[in-house]
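See below for the structure under consideration.
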Amino acid sequence: MAFLKFNKSELVNLSYSLKREILGANKTGAYCNTSIVTCNTRRYHGLLAVTLDRFGGDKFLLLSAVDETLIVNGKQFNLGIHCYGDIYEPRGHKYVVDFSADPVPQITYKVGEIVFRKSLLLAQDKDQVLVKYELLESPADAVLQLRPFLAFRNIHALTCRNDEADTSYSEVKNGVSFRMYANFPDLNLQFSDKSAKFRYDPVWNLNITYSDEYRRGYDCREDLFVPGFFEMKLKASGSVILSASLIEEDPAGFRKKFSSYLAGKMSVTSNHEQLLRCADLLITNHNGRKKINAGFSWMYTGLLRETLQALPGLTLYGLKDPSQFEEILDNLVADEQDRLFRRTTQVEAPLYLASVLQAYIEFGADEKSVWKKYGSVVKGIIESYLPGERREVSMQPNGLLWAQLDGVALSWMNAYINGRAVTERAGYQVETNAFWYNSICFAIDMEAKYGGKRSDFISKWTGIRDLVKANYQSVFWNAGQGCLADYVDNSGQNNDVRPNQLYAVWVKNSPVDEELASSILRVIDNELLTARGIRTLSPRDVKYKGVYEGTQLERDLAYHQGCTRPFLLEPYVEVCFRVKGPAFWKKAEWLCEGFYEDLGKHGVGAFSELYDGDPPHEPHGAISSALSTAALLSVEYLMEKYKEA
């Protein structure tokens, strides 16, 4: 991204460069992810990870890394870098003089009079990564040696030296192929230059350490198999392209393909264009079925809550593509029947569908057609919350939903420590019941218009709607604090100041009086709002953890106990515009600007899952989050609506 700036003098500083990750993703579900100096710091890092249906649709890392060695005038320079405990070897990062990410990641090395560059490009239509090596300047021809590090494992796992691994290889055109374990696909390593020769010199590279996993208290060491090395001559101003692919490719087309892919890359010159690029990367089309990836690199694709929350922002407000909205939603409904109608540990998630359809209609969809297609789904979800239908949540005599499953966190705040929920929130949850009321109101309204003259649904649910409305505010409102309780259990109101109450004034059919919105916003402004999203807990609370660092225990304590969430800006900004009108526009702009300032760190060019609750609000979590990206697109859309005013 040409508009992104990096401190070139800091590239050789590992404390700077290892925190910045590059990411390539495509529609097949494959990705390429590593640090800007190509030192892998997470188990999820690698040059080619792919989605394998034969193993249940999980992602598997095949090619972890490729180490480059340049030999010029008899002198050898190793450009690779790996961590072994607290030692980095070889230390190829010390030769890095430049990094850019537009249109693809490029790392430039300088060794005396030698200038060498490599570019990483993930094919958009197949499981293939292309790496272009260019000898830009050199006092003499060079010999280039490339050593592949093979993993052949699930991205969530680690591997070690073992006797089951097949360390043999097969020859393919301009290269060789490997299949380390049964049922895996072949990994074909091929070159544009037919003079490239493979030297078989098998060795297990032991105890490679992933510093990010170590820092977070996870298993962090693994052994990777290096089968040997490729060797070829490279003239000054010459280049060669390495292809890693699941099928044998035609090497004659590598250069043309690389140039073609490069030319097809969307030019990014603004923050909005970068948002659109990220939105597109987060939508996969594996086997012709479009889904939303919750976040790279370790989050899953097609999750219920994440898909519903991100869907309008990514497809409608960002890509302006209603057909893609419906295609993804149709696939989600087909895949998530159990969670939608029978059981889920995020009890608010199925009820979010009504808000998604309301957004679709507000965007311009024909509401009669929407209800004809999705009305039975919405009504079925509502019916599933009646007594005896779900084990984890049920409607009570007062019309409200009570969620409880001992020891289980039944909401999006679902971190666990040693098997125990950090925020169990058993009882009446403030956001779940807001979505509940909104869903019933929406369904009754649509049924009244398009459900026929005598709708049994309207007769059955009108009284329940009125009952929920009559009880919601009295159950949750805390006049002393001027805001809503986070949940209510047998002990009474839990008055932790959290952002979940936002949804009570955000939903189209709010169960609280309109005048309460200003008071709720005042509390959120004073205790939860930051320059990087909304905190998950007030700093005044003794449980508050303002920094997402340390062991897994420490991080899980902070995850929903202080960390900010960018995705919460969507409901916050919309409510602020409703209450404050166009006067809020400048504040909304300011709330977005900080995320664009961070595009050069954590995930380069991507929008992070979460931030520290304390200043300076450093980014953490998934480096490219569907929820964060969608929220910023939604805020932009709202700002555009209010811009003229």
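Quick note: residue numbers are just sequence positions, from 1.
Checked by atom type and distance alone, the side chain of Thr423 pairs as donor or acceptor with a backbone atom of Met413 at under 3.5 Å. Thr536 places a side-chain N or O within 3.5 Å of a backbone atom of Gly562 that can act as its donor or acceptor partner. With Asp53 contributing its side chain and Gly57 its backbone, the two residues share no donor-acceptor pair below 3.5 Å. Looking at His617, its side chain never comes within 3.5 Å of a backbone N or O of Gly594 through a donor-acceptor pair. A side-chain donor-acceptor contact under 3.5 Å links Ser628 to the backbone of Ser608. Although no hydrogens or angles enter the test, the distance criterion places a donor-acceptor pair under 3.5 Å between the side chain of Thr51 and the main chain of Gly29.
By the 30° and 60° cut-offs, the orientation of the rings of Tyr133 relative to Phe116 is parallel. Note on ring orientation: taking the six-membered ring where Trp is involved, the planes of Phe607 and Tyr596 are perpendicular (angle over 60°, cut-offs 30° and 60°). Ring geometry for Tyr611 against Phe595 counts as perpendicular: the plane angle is over 60°, on a 0 to 90° scale with 30° as the lower cut.
Taking the charged nitrogens against the carboxylate oxygens, Glu431 and Arg425 do have a contact shorter than 4.0 Å, which makes a salt bridge. Taking the charged nitrogens against the carboxylate oxygens, Glu554 and Lys545 have no contact shorter than 4.0 Å, which rules out a salt bridge. A salt bridge does not link Arg147 with Asp201: every distance from a Lys NZ or Arg NE/NH1/NH2 to an Asp or Glu carboxylate oxygen is 4.0 Å or more. Glu549 and Arg555 are not joined by a salt bridge, as no carboxylate oxygen comes within less than 4.0 angstrom of a charged side-chain nitrogen. Taking the charged nitrogens against the carboxylate oxygens, Lys601 and Glu618 do have a contact shorter than 4.0 Å, which makes a salt bridge. Salt bridge absent: Arg43 and Asp212 never bring a charged side-chain N and a carboxylate O closer than 4.0 Å. One finds a salt bridge joining Lys543 and Asp496 here, because a Lys/Arg side-chain nitrogen approaches an Asp/Glu carboxylate oxygen to under 4.0 Å.
Side-chain contact annotation: Tyr109 with Glu68, donor-acceptor N/O pair under 3.5 Å absent. Checking Tyr487 against Asn494 by side-chain atom types alone, a donor-acceptor pair falls below 3.5 Å.
Nearest heavy atoms, Leu206 versus Asp223: CA-OD1, 3.3 Å. When all heavy atoms are compared, the tightest approach of Ala310 to Ala630 is O-CB, 3.4 Å. Taking all atoms of both residues into account, the shortest heavy-atom contact from Gly605 to Cys278 is O-SG, 3.1 Å. Considering every non-hydrogen atom in both Ile155 and Ala49, the closest pair reads CG2-CB, 4.1 Å.
Screening Phe55, Tyr44, Trp298 for a ring pair (Phe, Tyr, Trp, His ring centres under 6.0 Å) with His156, the sole residue that qualifies is Tyr44. For the pairing with Val37, the side chain to side chain contact (heavy atoms under 4.5 Å, CB included) check across Val96, Ile22, Ile107 returns one residue only, Val96. Checked options Thr284, Asp335, Thr307; the residue passing with Lys291 is Asp335 (criterion: side chain to side chain donor-acceptor pair (under 3.5 Å)). Screening His45, Lys118, His82 against Thr38 for a side chain to side chain contact (heavy atoms under 4.5 Å, CB included) leaves a single residue, Lys118.
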For this session: Under the salt bridge (charged side-chain N to carboxylate O under 4.0 Å, His left out) rule, what do Glu527 and Arg540 come out as? Steps first, then yes or no, please.
Result: CA-CA 8 Å; Glu527 302 193 39; Arg540 299 180 185 180; 3.6 Å; yes

Problem set entry | Residue pair Phe60, Phe184: steps toward the ring-ring contact (aromatic ring centres under 6.0 Å, His included) verdict | CA-CA 9 Å; Phe60 287 78; Phe184 271 86; 5.6 Å; yes

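The shortest side-chain heavy-atom distance between Asp166 and Phe178 does not fall under the 4.5 Å cut-off.
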